Structures are given as structure tokens and as C-alpha cells.
Amino acid sequence: MRLISLMDLGSDESGRIPYSAIRDTLQNWPFICSRCTERVFGEEQWLTLRTKLATWRGNIANVISTIQANKMADDGSQAVQGLVIR
């Protein structure tokens with residue numbers, strides 16, 4: 001209910017909500033923000049994004065190599081089993 005009340009504060013056309021209105025609506029209870037957006041996207045944010053993407057790319061490469069290694073090990077295991085059965 002508090003969230004709906006808080007969202008209702010931003011429904012006017014200006015989009016501006018005074019802190020006092022937020023304080024009164026939340027009645028000093030904590031508010032958990034699960035997502036936020038940068039107001040400014042400058043060089044520092046681009047560098048942060050580059051670092052995150054490089055980490056993501058490295059993680060994906062590790063997943064791919066692990067899958068390939070497991071596939072080759074599984075194929076080799078099946079080949080050995082085929083020789084034993086013959």
C-alpha cells in the first residue's frame with residue numbers, strides 16, 4: 001500500500017516529489033529500491049560498463065570451454081564403452 005501511495009505522488013505532470021511528501025508517505029519506514037537508473041552517462045559509466053561486459057564475456061567463454069571439455073570427455077567415454085562392448 002505504501003508503494004502505491006508513493007507511486008501516486010509522482011503522478012502529477014511535473015514529476016517532482018518533495019522529500020517531505022516522500023517522508024510523510026513512507027512514515028519513516030525503509031524503502032527498498034531494487035533498480036535505479038543513472039541520470040548522467042559519462043566516461044566513468046562507459047568504463048564501468050566496459051569492465052562489466054569484459055567480465056561477462058570472460059564468464060561466457062569459460063562456460064563454453066567447460067561445455068566443450070565435458071562434451072569431448074563424454075564422447076571419449078562413449079567411444080571406450082563401444083570398444084569394450086565389441
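In this text, all values refer to a predicted model and were calculated from it rather than measured experimentally. Positions are given from 1, in the same order as the sequence printed here.
Atom CZ of R57 sits about 12.0 Å away from atom CZ of R50, to the nearest 0.5 Å. Atom-to-atom distance recorded for R23:CZ and Y19:OH is 12.5 Å, nearest 0.5 angstrom. Annotation: the span from L53 atom CG to T48 atom OG1 amounts to 11.0 Å, rounded to 0.5 Å.
Listed by chain and number, the residues in a salt bridge (Lys or Arg N to Asp or Glu O under 4.0 Å) with K52 amount to none (sequence neighbours excluded).
In the hydrophobic clustering of this structure, L49 does not group with W56; members are Ile, Leu, Val, Met, Phe, Trp, Tyr whose side-chain heavy atoms approach within less than 4.5 Å, directly or through other members.
Pairs of residues two or more places apart, or lying in two chains, that qualify as salt bridge (charged side-chain N to carboxylate O under 4.0 Å, His left out) and include a residue from residues 58-73 are K71-D75.
Through direct or indirect side-chain contacts shorter than 4.5 Å among Ile, Leu, Val, Met, Phe, Trp and Tyr, L47 is connected to no other residue.
Screening N70, I64, V63 for a side-chain contact (heavy atoms from CB on, under 4.5 Å) with T66, the sole residue that qualifies is N70.
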